[in-house]
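Report on the following structure.
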Amino acid sequence: MSESTPHGLAIFAQRVTDAVAAALQLPADQIQLERPRNEEHGEFAMPCFRFAKVQKCNPAELAGRLVSDLNIADVTASNIGPFLNFRIDDLALATQMAADARREDFGKGLSSERTLVEYSSPNIAKPMHIGHLRTTVIGAALARIFEFLGHDVVRINHIGDWGSQFGKLLAAWRRWGSDEKLEAEPIAHLLELYVRYHAEEKTDPSLDAAAKDEFLALESGEENDARRDWKHFTELSLGEFKTTFERLDARFDLIRGESWYEDKLEDLVQWLDAAGVLEWNDGAIIVDLESEGISTPCLVKTSRGTTLYATRDLAAAKSRWDEFHFDRCLYVVGAEQSLHFKQFKAVLKRCGTDWWNRIEHIPFGLVRFTEGKLSTREGRVLSLQDVLDRAVELAREIVEAKNPDHVDKDWVAEQVGIGAVVFHDLKHQRQKDVVFNWNEVLSFEGDTGPYLQYTHARCCSILRKADRQITDVDPALLADARDLWVALGRFPAAVREAAEKREPMLLAQTLLKIAAAGNSFYREKRVLGNDDPVLENARLAAIDGLRNTLAHGLMLLGVPTPEEM
RNA sequence: GCGCCCGUAGCUCAGUUGGAUAGAGCACCGGAUUUCUAAUCCGGUGGUCGCAGGUUCGAAUCCUGCCGGGCGCGCCA
């Protein structure tokens, strides 16, 4: 670890690892420290079974021998049976952390790799629904986390603005479209048309042909009616999406719809052909993936000559590689598309690229409903705006009740409501399906976003009332805040692990522990009004470290940080 | 039928990549505020880690087989 930014407990962990490695005469990378289950055992632990086996001795004896051999600065080693436990000395811990936690670069990294993150990617002409929440908040969080670690991050929104579905929409628009309705509520009207198409398609076979003709016209590249209307729908939809992106603090460097790659599709097909991977099958063009262990081939062109999702994704990937030469390109897309990504990577592999393995699907579980499945086609959707609005509305009532004197209740309510929804999504493992439950999403107590925001706001409040510079901090007066320092000290490692595993939950859980330690701290140890300016200064430093770390952590997750609530 | 994911307290979830007595929140019960925001804090009740085998010093975690749920499986995205 050659990075120069403060790493919290990692500094002590490194010393322990080095000392143990030296004592065992092994390279340091063979030593894996764990976290004791019981906090009273200290911050790090190491079971001795493995090493005892190699040395053919009793694990407990080895542990005992190591304890007497080890001499680590600021860390006390002890053994319980075959376990070695390490406890950072109170004063050293407080000294290190009281300084680290307040630094602007606490936990930051100095990587210079280039990471692309594709996320959100809603479909034009359909409302963003609750399912888009996951990709949007997970993707935005991962992008911020990688950026915090120093990566050159490129955020891409791969808008679904192309494909045969737009043939359907255009066919429906020709028959039942209304200019007035479109102007008033664009997405609502387009959704209505889409739903009606699917309803009438069952009894009217001419619709299907009309839809295919419309898409053919659209894909012809000519400036015709199909293209003009499609463009109009696209602009109107994007206008509505932008409000949601802003509310969720989801920013993008590139909003590139699938259509952006339209003029690259022929080149892509030729590139595949040159690589010798194309085959013709029933008039369609495919890439066989049997050799890669995938029994379903990848379809590149339909028998009608139109392109498909996979074609456009391949073109996009190649275009991105040519443009960015990324170290990794993450696709935050639902788990139900796992096969698609397997196929799409396998095609690139068969083409002989040396970068196919830098493409990574970041799958997440489905949002389900107890009342049964939602379906865009049938018009049963839970709009994301509605979820956010409802959370904000409830937050508004609570602010009114708890802090009637707040100067800007609407703004806090927006921040708290959004924070609750965003955090609720990010505190779970992304792979697991989630059952949408209003009671949980709208909960503001316990392990929730508002709890973290509250803790942060309390810190701000104390610092505001102190109203002065914090100077001459004496760490000895903070040696009794062990739980707080340990929790804060784990923040840098949590950020790194969240990035490595592409799992924001790891950061979310760490922040909850920090907030819990923080709440206990300022409840037990009064900061202001002690008639002891030296003690007050020291505790203010702790509060400021807590505030700073929470502010950074919440920012990374996309949870707003009001200073008063 | 085949493939992938999931199964831990009444509910929602963690569980440090195989380690010590399986932990939080919600709910329920009992406490805490003359002072920095009670969206809080402290304590209690609550477990056959889906089931059965296997691997080994040691399994919620790894392997196999079942059971249950979700998703996917060439001309949609």
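Numbered from 1 within each chain, the chains take letters A, B, ... in sequence-line order. From a predicted model like this one, the values you see are computed outputs, not experimental measurements.
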On a whole-Å scale, what distance lies between the [atom1] atoms belonging to [N] and [M]?
N	M	atom1	answer
rC29(B)	rA52(B)	C1'	39 Å
rC4(B)	rA59(B)	C1'	24 Å
rC28(B)	rG70(B)	P	31 Å
rC62(B)	rG18(B)	C1'	8 Å
rG23(B)	rU40(B)	P	23 Å
rA60(B)	rU21(B)	C1'	15 Å
rA27(B)	rG15(B)	P	23 Å
rC5(B)	rG30(B)	C1'	42 Å

Mind checking [X] for me? I need base, sugar-phosphate or nothing, with any heavy atom below 4.0 Å counting as a touch.
X	result
A335(A)	nothing
A466(A)	nothing
P59(A)	nothing
L528(A)	base
N439(A)	nothing
Q32(A)	nothing
G529(A)	nothing
F83(A)	base
M565(A)	base
A457(A)	base
K465(A)	sugar-phosphate
E258(A)	sugar-phosphate
R312(A)	sugar-phosphate
K212(A)	nothing

Donor/acceptor link under 3.5 angstrom from [X] side chain onto base of [N]:
X	N	value
N85(A)	rA20(B)	yes
R458(A)	rU37(B)	no
K501(A)	rU17(B)	yes

Could you state the atom-to-atom distance from CZ of R37(A) to C1' of rA24(B) in whole Å?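 So the two atoms are 13 Å apart, to the nearest Å.
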For [N], take OP1 and OP2 only and decide whether either is under 4.0 Å from a side-chain N or O of [X].
X	N	answer
Y451(A)	rA24(B)	no
R523(A)	rC36(B)	no
S520(A)	rC42(B)	yes
K432(A)	rG7(B)	yes
S461(A)	rU37(B)	yes
Q429(A)	rG15(B)	yes
S295(A)	rC2(B)	no

Is there aromatic stacking of H340(A) on rA77(B) here, judged by a ring-centre distance under 5.5 Å and a plane angle under 30°?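 A stacking contact does not exist, since H340(A) is not both close and nearly parallel to the base ring of rA77(B).
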Quick test of the criterion, 5.5 Å between centres and less than 30° between planes. Is F49(A) stacked on rG19(B) or not?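 Yes, aromatic ring over the base.
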Verdict with reasoning, V421(A) to L133(A), per side chain to side chain contact (heavy atoms under 4.5 Å, CB included): CA-CA 9 Å; V421(A) 175; L133(A) 180 68; 3.6 Å; yes
Taking the side chain from R134(A) and the backbone from G365(A), do they hold a donor-acceptor pair closer than 3.5 Å?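 Side chain of R134(A) to backbone of G365(A), a donor-acceptor pair under 3.5 Å: yes, one is there.
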Options rC5(B), rA77(B), rG19(B), nucleotide nearest the side-chain atoms of N123(A):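 Output: rA77(B).
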Could you identify the nucleotide paired to rG74(B), looking across every strand shown and requiring Watson-Crick or G-U wobble geometry with both distances under 3.5 Å?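 Partner of rG74(B): none.
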In sequence, state the C-alpha distance, the side-chain angles, and the governing distance for W260(A) and W162(A), and then conclude on side chain to side chain contact (heavy atoms under 4.5 Å, CB included). CA-CA 9 Å; W260(A) 193 86; W162(A) 206 248; over 6 Å; no
Less than 6.0 Å separating the ring centroids of Y331(A) and F344(A)?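 Here the rings of F344(A) and Y331(A) have centres that are less than 6.0 Å from each other.
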